[in-house]
Every structure is written in C-alpha cells, then in structure tokens.
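Report on the structure given below.
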Amino acid sequence: MTAHKAGALTHDKVNWDAIDWPSAHYVVRRLLHWYTRLGQVEINEQTYRERGKQRRPFSESAGVECRGYSIGLQRAITDLGADDAFAQGPKKLKEHYGIEVPLSSAQAITMRHGERIESNREVLRKVPRGGVECVIGEMDGCMLPVVSINERENEESPADGRKRRKLDWQEARLCLAREPEKVTGRYGATMGGPEKAGELFADCVIRVGGGLATKLHCLGDGATWIVTQAKKRLLQMLVLFLIDFYHLSEYLAKAGEAISPDGKAQWLKRQQERMKSNMVDEVLKELARSAQAVGDKDDPVHKCKRYIENRLDYFDYATALKAGLPIGTGEVESANRWLIQKRIKLSGAWWTTPNLEKMLALRSLRANGDWETYWAEVRQAAA
C-alpha cells in the first residue's frame, strides 16, 4: 500500500506507443478497487498480456493498485494515528467518513509515513555565516516504555515470542531552539544516543537562524551529554550554558530540609536569591559549614555542594535575567509532555525502539509546521 493518487487519470506513466498491440491480446476484465475518503472505488479494468507479461494500462496511468489507499485517505489515517492510539483511528474514520479501515492497515500506514519522514530527514550541520543575534536552546530527556523479543536460547525456550518479550525503559532525547521574541520554536526528538541528539539540536539552532555571529543561550538540567553536545556541535558559536534553575532548586530544597527543617522555606528562598545574584560562593560556604556538621558524604547537603562545585561555570543567572532570557527548561519539559508523552505513554502501550523513532519523527514534523510540505512532496512523488 504505497502512496497513490486516486482518480487523477494521466497517461504519463504508460508509453502507449511502445505497446506492441498486434502481439498484445485481451486477457480478462478484472475488478479493481481502492479506498478513498469518499469510500471504496471500483472499476472493471481490462488487462493485457504482452510477450508473457501482464499489462494493466489503467492501473499504471492512474497510479493506483488494487486494495490501495489514496493519498488523501493516508493523510487522514496518519493524522489520527499521530494523535491517538491506533485503535481509535478506524473508529473516527468510520464516524467522520463512513468508511472502514482495518486496524492493522491504519497502523502500517502511519508507521510507514513515520519511517519515510525519519529516513528522509535532512540534518543541517554546517553553521552559516552571520545569523540572528540570539537563539535560546534547550535539551532534556524522558523515559519511554520499550518492548523487545529475546532470541530463543534453546529448544526449551518458548516458541511464542510473547512469552520471550522483555519490557524496559529507554530515554528519548528532545531538543528545542527558538529566537527569544518568537513564541514557537523548532523541535527534534530521537531515541538515539547523545550524538544523534546533538545533531538534531544543531539542526534546530541553524534552522531558526543560528550562525557564527549568534549567541546561543543554552539550558539543561546539568546532564553531561547536554553540555558536551551543545559545545561540540556548535563549537564556532558563542555558547553560554546555564543550569536549569528549578533543577538546582530541587537540590537546594533537599539540603534545606537537612540544614533547617523548621525554616526550610526561608532558607531555600535565601539561597535562590543568592544564586540569582551570582553569589555562588556564599551558597557554597553555607553548604560547607553544614556539610562538616553532618559528615555523611551521601546526605543531601553534600550532594548539593558537589552538584554546584562540578558546574561552577553554568550559574550566571544575573546576566540572563538582565537580558530577559529564561533561566529554566520549562519549555522543553512541557514539550516532553505534549509532543512525546501524550501520544506514546498511553496506558498499557509498549513500543519497539524503531517504531518509537518513527513516531517521534512524525510528531516532530507536525510540531515544526512541516505537515503541509510533507504531503505536498508525497503527492509530487506520486505524480
């Protein structure tokens, strides 16, 4: 079931003059049917046999095949499959279009277009000259349910693959880039490792206008891969990295509970104000005094102290606040929920890693506003 244009009868695909009509003879009338948003279309098609090969002039010229789906219907199926569980798609098609599509077909069509989007995705790597003044970049990860089928170790292993399945969790990485004055940005999501995520992040930054003259205001939760990839992929740009303020506050809050259980809220607020004023040394001194009293190096106070000491170059909140730039990764964390988790983390849903990659590519395409462009390309390829 590939992309077909239903009903548009052009003769460009068949070289009618090349058919040796004297040697071609009528074989049989065959019932040809395919599915569209208007319902099932049926015609009686004449087929010919030429030098032992069957020729189907109408199917070739119209660009359809038996039991295929029109591009318009594929678009509707993919649209529903990208938003809701696959089981809901056929029900909505029945309600809105009055046509019945098997669940397996709806899933296969959606995944095929996701695969096409993922495999044809062009990733920009070269940073152009010039560029906009500033770009905000954020990266974050979230855990998704993954299922795999183990190989049969011996004859005693169950033949039924369902009994050999392994359920696990795997991290999906999401990146976002936008200009400070823009409301929407560009997204990239992958189940690949840090290297793949870094490529997508650089692509997002470049596509929103990032260049050699651009200052990249990059935020993350302090994970090593985020800092490494931001600087590696955009080495020629001025990259200013900032630790997510609310992630830092979580460490400070836990330390405050151990240092001042009765006044933890006031203690936390005081340290937050110090960090926003770049008074990092004052915060570390207070943590150090309490850490000596506690002694346990695995307690929240020591952990908070180490977290800050290992990232001393990434707490310039005062400069960001003065420039009106964000100090938290709330935007990309929100995108984790509506772009990834809303569709994928459904009750009882488990995915294979390849299918997750296809769905992430599909939903990223929609989030980036490239939906119309993609289907125009599909129609052009089928023309």
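All figures in this text were calculated on a predicted structure; none of them were measured in a lab.
A distance-only check finds a donor-acceptor pair linking the side chain of R363 to the backbone of A82 [under 3.5 Å]. Counting only distance, with no hydrogens or angles, the side chain of R67 and the backbone of H33 share no donor-acceptor pair below 3.5 Å. With hydrogens and angles disregarded, no donor-acceptor distance shorter than 3.5 Å links the side chain of T329 to the backbone of V332. With hydrogens and angles disregarded, no donor-acceptor distance shorter than 3.5 Å links the side chain of S334 to the backbone of G330. Proximity of a side-chain donor or acceptor of Q170 to a complementary backbone N or O of M191 within less than 3.5 Å is detected. N336 places no side-chain N or O within donor-acceptor distance of the main-chain N or O of C142, the cut-off being under 3.5 Å. Not one N or O on the side chain of R75 forms a donor-acceptor pair closer than 3.5 Å with the backbone of W375. Judged purely by atom type and a 3.5 angstrom limit, T228 has no side-chain atom pairing as donor or acceptor with the backbone of W225. At distances below 3.5 Å, not a single donor-acceptor pair connects side-chain atoms of S260 with backbone N or O atoms of G256.
For CD of Q380, the number of neighbouring non-hydrogen atoms (other residues, nucleotides, ligands) closer than 6.0 Å is 12 at most. Around atom CZ of R121, more than 12 heavy atoms belonging to other residues, nucleotides or ligands sit under 6.0 Å away. Residue-environment remark: CD (Q236) stays at or below the threshold of 12 foreign heavy atoms within 6.0 Å. Within 6.0 Å of NZ in K345 there are more than 12 heavy atoms belonging to other residues, nucleotides or ligands. In E309, the CD atom is crowded: over 12 heavy atoms of neighbouring residues, nucleotides or ligands sit closer than 6.0 Å.
A cation-pi arrangement, defined by a distance under 6.0 Å to the six-membered ring centre and an angle within 45 degrees of its axis, is absent between R274 and Y317.
Considering every non-hydrogen atom in both V135 and A177, the closest pair reads CG1-CB, 4.1 Å. Heavy atoms only, all atoms of each residue included: C204 and G188 are closest at SG-N, 3.7 Å. A255 and L287 get closest at one heavy-atom pair: CB-CD2, 4.1 Å. For the residue pair D203 and E122, the shortest heavy atom distance occurs at OD1-O, 3.6 Å. The two atoms that bring V123 and E199 nearest to each other are CG1-O, 3.6 Å, heavy atoms only. Summarising the geometry of I308 relative to L252, their closest heavy-atom pair is CD1-CD2, 4.4 Å, with the distance given to 0.1 Å.
Hydrophobic clustering keeps L240 apart from V227 (ILVMFWY residues linked when any side-chain heavy atoms are closer than 4.5 Å, directly or through intermediates). Both W338 and L176 are part of a single hydrophobic cluster, where members link through side-chain heavy atoms under 4.5 Å apart. Under the 4.5 Å side-chain heavy-atom criterion for ILVMFWY residues, no single connected hydrophobic cluster contains both M275 and M279. Tracing side-chain contacts under 4.5 Å through hydrophobic residues (I, L, V, M, F, W, Y), one never reaches L38 starting from Y97; they form parts of separate clusters. Neither W350 nor M359 shares a network with the other; the hydrophobic side chains, linked directly or stepwise wherever heavy atoms of I, L, V, M, F, W or Y lie under 4.5 Å apart, form separate groups for each.
Between F86 and M111 the shortest side-chain heavy-atom distance falls below 4.5 Å. Put simply, the side chain of F201 does not reach to within 4.5 Å of the side chain of I226, judged on heavy atoms. Inter-residue side-chain proximity for L219 and D244 is flagged as unmet; no heavy-atom pair is nearer than 4.5 Å. Side chains of V239 and L234 form a contact here, defined as non-hydrogen atoms less than 4.5 Å apart. T184 is not listed as a side-chain neighbour of R178, based on a closest heavy-atom distance of 4.5 Å or more. Side-chain contact between L144 and W351 is absent, with no heavy atoms from C-beta onward closer than 4.5 Å. With a 4.5 Å cut-off on side-chain heavy atoms, V283 and F315 do not count as touching. Looking only at side-chain heavy atoms (C-beta outward), R306 and H302 come within less than 4.5 Å of each other.
Q341 contributes atom CD, which lies 11.0 Å from atom CG of L346 (distance to the nearest 0.5 angstrom). From D221, atom CG reaches atom CE of M139 across 10.0 Å, with rounding to the nearest 0.5 Å. Taken from CG in L268 to NZ in K254, the straight-line distance is 12.5 Å, to the nearest 0.5 Å. Distance check: R289 CZ to L284 CG gives 11.0 Å after rounding to the nearest 0.5 Å. Interatomic distance, I99 CD1 to I77 CD1, rounded to the nearest 0.5 Å: 6.5 Å. The line from CD of E138 to CG of L242 is 10.5 Å long, rounded to the nearest 0.5 Å.
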side-chain contact (heavy atoms from CB on, under 4.5 Å) between T352 and V147: does it pass, once the steps are laid out? CA-CA 5 Å; T352 62; V147 62; 4.3 Å; yes

Given side-chain contact (heavy atoms from CB on, under 4.5 Å), test W371 with T78 step by step and report yes or no. CA-CA 11 Å; W371 181 252; T78 306; 4.0 Å; yes

Let me see the working for S157 and N150 under side-chain contact (heavy atoms from CB on, under 4.5 Å), right down to the final yes or no. CA-CA 10 Å; S157 299; N150 294 329; over 6 Å; no

Could you give me the CA-CA distance, side-chain angles and deciding distance for R173 and E195, then say whether salt bridge (charged side-chain N to carboxylate O under 4.0 Å, His left out) is met? CA-CA 11 Å; R173 292 176 168 86; E195 293 293 326; over 6 Å; no

Apply side-chain contact (heavy atoms from CB on, under 4.5 Å) to the pair R366 and D79, showing each step before the final yes or no. CA-CA 9 Å; R366 287 161 56 98; D79 190 18; 2.4 Å; yes

Residues K342, D83; criterion salt bridge (charged side-chain N to carboxylate O under 4.0 Å, His left out); working and verdict: CA-CA 8 Å; K342 182 180 178 181; D83 283 341; over 6 Å; no

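Residues satisfying the ring-ring contact (aromatic ring centres under 6.0 Å, His included) criterion with Y251, sequence neighbours excluded, are H247, Y307. Not a single ring-ring contact (aromatic ring centres under 6.0 Å, His included) links W267 to another residue, sequence neighbours left out.
Using cut-offs of 30° and 60° on the angle between ring planes, the pair Y69 and Y35 is tilted.
Using a 3.5 Å distance cut-off with no hydrogens or angles, the side chains of E115 and S119 do not pair a donor with an acceptor.
Salt-bridge formation is detected for the pair R186/D370: a Lys NZ or Arg NE/NH1/NH2 atom is positioned less than 4.0 Å from an Asp or Glu carboxylate oxygen.
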